[in-house]
Amino acid sequence: MIPDVPLNLLSISKFLTENKEPIFFSALFLSVLGGVFVAWSDVIKKIFVFGFMVAIVFPTQDIHFFVDVHYLGVSSSRGLYITAADLFLVSLALGTLLEYGRRRPKLWFRGAAPYLVYMGVAALSLTNMFSYPPKGFVNPAYAYGVFELWNIIKGFLVLWVMVNFIKSGREVRMLLVSFMLIIAIQVLAVLHQQYILHSYHRARGTVGHSNSLAMFVGMLMPVILVLMLSQKKGGVLPWILVVLFMGGMTIMVKTVARAGLMSMAISCTVALALLVFHVRRLHKVRIAVLILIMGLGGTFVLHRFWGTIMARFTTQSREAEASSRSRMALLKIGWEIAQKNILIGNGINSFPIEVTIEPKYHKNRAEQHNLYLLTLCEVGIIGLLAFLAVVGRVFQMAWRLYRQNLSPPLKILSIGLACGMLHVLIQSFFEFIFRAVFISYMFWTLAAMIIACSYMLEAQVTRMHRARMALARRMAVMRRESPERLPQYAMSADVTTRNLKG
């Protein structure tokens, strides 16, 4: 028996493994059935969206096929993984299509075109991969590309489902509450690991890896920050947000993820600057008090873990020094591999294969810790530009939301969401874990919120325009119904003007 694992848990795990096929098809049937209920009721749809968000927090619950356990990279690239979040996603996607009779879903949305180009280039790149298993691999080379292409398609589904789900401020508030709960769950998980399990290593939360936790929590921190500082009313909500922000900052420090900490510092600083200097009607006294409290709390946290942090950021830690050397070597290797097929790449998810089959790269771990160079290697310059075009289109919409003054809540929200995405993009210069499905799902959820908010702003402008047109028509009717009074008003106005001039 595996040490410290109860026999009953091992028995349950063995049962699930031996019966994963019937369990999977049963779960898929229930997901399809759930899609019918989602189409029938908006309340049920919200329950399924909440279930999707909860499933993201616990990404290790999955059913997988064709897995090569020796394949390096994120686990979702080693086989065909179907997570609990995917089952909720199936229900939501099917329900969105079936509700056509009640409301018309957006089959096409802003940002869809570059994403489809990115998806198409990823599929085309599979033609550059072997049709047989390379030495040391279980599956044919192209199968690993299919695994990652499957994740890219699911990311598009997340974007499409969430854009169609968010219709008003109610759905936005629901997602914001779920973000707050995610921070709370991760804080509780880290406390459980340290004080119950007595694990004093780098914090990993519910996601299983410290760097993954840093990216997962880090992208939500700017959202919590702007919500905390933009609350005009009193009550307990601002202080709940203070506790959540301090808890999130603490577990970010406990991850000791160098890229994650730097990314959080940059993204939160940008969010704070945009909020304080370009948003009106903020409660200045409360902001000053909250910043003071955060400063004191942050000083305590940094003092408490200063030795651990400096060991990671300097050469005092052998693990950190070896990691830095390896990453620098992999940057050079990545550029060499990218030049083999610079246009459409060597195949999505092919980097570990390329490093493994080349003898001169054998001494290096086959994980490219730079998402953009990794994308260039695998889908070429066209695929990389398509991916950046998706992100750029979302940031363009966020900028328009930020520049408008018609809806201050949307302006504030766009700051937090865009800076949350910025955190992921900065940390991805040093990591490849964006490809972990729970990271990409949350990233595309933030992007979908920005897209949906742009539609909400557009609808608000349309309603105002219609209201003005209706008012103008009523005024015109009033003038036609009482024409004899119009000259008097006009004459009175002319006399008043002459008197003012005089």
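If you read the sequence from its start, that first residue is 1, and numbering goes on from there.
- Listed here is the closest heavy atom pair of Ser212 and Ile439: O-CD1, 3.6 Å.
- The shortest distance between side-chain heavy atoms of Leu385 and Ile381 falls below 4.5 Å.
- To the nearest 0.5 Å, the span separating CZ on Phe156 from CD1 on Ile153 amounts to 10.0 Å.
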Residue pair Thr255, Asn211: steps toward the side chain to side chain contact (heavy atoms under 4.5 Å, CB included) verdict: CA-CA 7 Å; Thr255 63; Asn211 292 347; over 6 Å; no
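- With a 4.5 Å cut-off on side-chain heavy atoms, Trp335 and Leu331 do not count as touching.
- Proximity of a side-chain donor or acceptor of Glu431 to a complementary backbone N or O of Leu371 within less than 3.5 Å is not detected.
- With a 4.5 Å cut-off on side-chain heavy atoms, Ser77 and Phe147 do not count as touching.
- Not a single donor-acceptor pair under 3.5 Å links the side chain of Glu148 to the backbone N or O of Tyr144.
- For Tyr142, the OH atom counts as loosely surrounded, since its 6.0 Å shell holds 12 or fewer non-hydrogen atoms of other residues, nucleotides or ligands.
- Between the side chain of Asn128 and the main chain of Gly345, a donor-acceptor pair closer than 3.5 Å is present.
- One N or O on the side chain of His369 and one on the backbone of Glu367 form a donor-acceptor pair closer than 3.5 Å.
- Checked against ring pair (Phe, Tyr, Trp, His ring centres under 6.0 Å), Trp399 has the following partners two or more places apart in sequence or in another chain: Tyr402.
- The closest side-chain heavy-atom distance from Cys419 to Met221 is not below 4.5 Å.
- Among Val424, Leu425, Thr445, Leu417, the one residue that satisfies the side chain to side chain contact (heavy atoms under 4.5 Å, CB included) test with Met219 is Val424.
- Looking only at distances, no side-chain donor or acceptor of Ser91 sits under 3.5 Å from a matching main-chain atom of Gly34.
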Step-by-step side chain to side chain donor-acceptor pair (under 3.5 Å) determination, Tyr81 to Asn151: CA-CA 9 Å; Tyr81 280 77; Asn151 294 330; over 6 Å; no
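- Nearest heavy-atom pair across Pro222 and Ala271 is CB-CB, 4.2 Å.
- Ring centroids of Phe165 and Trp160 are separated by 6.0 Å or more, keeping the two rings apart.
- In this structure, a donor-acceptor pair under 3.5 Å is present between the side chains of Asp86 and Thr83.
- From Glu171, atom CD reaches atom NZ of Lys46 across 5.0 Å, with rounding to the nearest 0.5 Å.
- Atom CZ of Phe443 is separated from atom CE of Met421 by 3.5 Å, given to the nearest 0.5 angstrom.
- Side chain of Ser125 to backbone of Ile348: a donor-acceptor contact under 3.5 angstrom is found.
- When the ring pair (Phe, Tyr, Trp, His ring centres under 6.0 Å) test is applied to Phe130, the partners found at least two apart in sequence or on another chain are Tyr132.
- Between the side chain of Asn346 and the backbone N or O of Ile337, at least one donor-acceptor pair lies under 3.5 Å.
- Annotation: side chain of Pro59 is in contact with side chain of Val207 (closest heavy-atom distance under 4.5 Å).
- Counted within 6.0 Å of CZ on Phe65, heavy atoms from surrounding residues, nucleotides or ligands total more than 12; the atom is thus considered enclosed.
- Judged by distance alone, the side chain of Ser267 and the main-chain N or O of His423 form no donor-acceptor pair under 3.5 Å.
- What you find for Ala448 and Met162 is that their closest heavy atoms are CB-CB, 3.4 Å.
- Across all their heavy atoms, Arg204 and Ser210 have their closest contact at CB-N, 4.1 Å.
- Taken from CD in Glu354 to CG in Asn341, the straight-line distance is 9.5 Å, to the nearest 0.5 Å.
- Judged by a 6.0 Å distance limit and a 45° cone about the ring axis, Arg400 is not positioned over the six-membered ring of Phe395.
- Of the residues Tyr441, Trp444, Phe88, the one that meets the ring-ring contact (aromatic ring centres under 6.0 Å, His included) test with Phe52 is Tyr441.
- Note that CZ of Phe37 is 12.0 Å distant from CG of Leu94, once rounded to the nearest 0.5 Å.
- Judged purely by distance below 3.5 Å, without hydrogens or angles, the side chains of Tyr71 and Asn349 pair a donor atom with an acceptor atom.
- Rounded to the nearest 0.5 Å, atoms CZ (Arg393) and CG (Leu388) are 15.5 Å apart.
- Shortest non-hydrogen contact noted between Leu92 and Lys45 is CD2-O, 3.8 Å.
- Here the side chains of Trp108 and Leu116 are in contact, with some heavy-atom distance below 4.5 Å.
- Residues in residues 172-187 take part in these side chain to side chain donor-acceptor pair (under 3.5 Å) pairs, two or more places apart or across chains: Gln186-Thr206.
- Nearest heavy-atom pair, Gly248 versus Val187, reported as atom, atom and distance to 0.1 Å: N-CG2, 4.2 Å.
- Between Phe387 and Tyr372, the angle of the ring planes lies from 30° to 60°, which puts this pair in the tilted group.
- No side-chain donor-acceptor contact under 3.5 Å links Asn370 to the backbone of Phe430.
- Taking the centre and axis of the six-membered ring of Tyr455, the NZ or CZ atom of Lys106 falls inside the cone set by 45° and 6.0 Å.
- Under the 4.0 Å criterion applied to side-chain N and carboxylate O atoms, Arg435 and Glu378 are assigned as salt-bridge partners.
- Side-chain contact between Thr356 and Lys135 is absent, with no heavy-atom pair separated by less than 4.5 Å.
- Although no hydrogens or angles enter the test, the distance criterion places no donor-acceptor pair under 3.5 Å between the side chain of Ser41 and the main chain of Val38.
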Apply side chain to side chain contact (heavy atoms under 4.5 Å, CB included) to the pair Met53 and Met442, showing each step before the final yes or no. CA-CA 8 Å; Met53 300 302 294; Met442 184 61 70; 3.6 Å; yes
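- Counting heavy atoms from C-beta outward, Leu376 and Ile342 have side chains that approach closer than 4.5 Å.
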Could you go step by step and tell me if Gln194 and Lys254 meet the side chain to side chain contact (heavy atoms under 4.5 Å, CB included) rule? CA-CA 11 Å; Gln194 178 164 343; Lys254 280 188 64 62; 2.9 Å; yes
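- Classified by interplanar angle (parallel below 30°, tilted 30° to 60°, perpendicular above 60°), the ring pair Phe438/Phe216 is perpendicular.
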Checking Leu176 against Met449 for the side chain to side chain contact (heavy atoms under 4.5 Å, CB included) test, could you report, in this order, the C-alpha distance in whole Å, the side-chain angles of both residues, the deciding distance, and whether it holds? CA-CA 10 Å; Leu176 293 178; Met449 292 177 71; 4.1 Å; yes
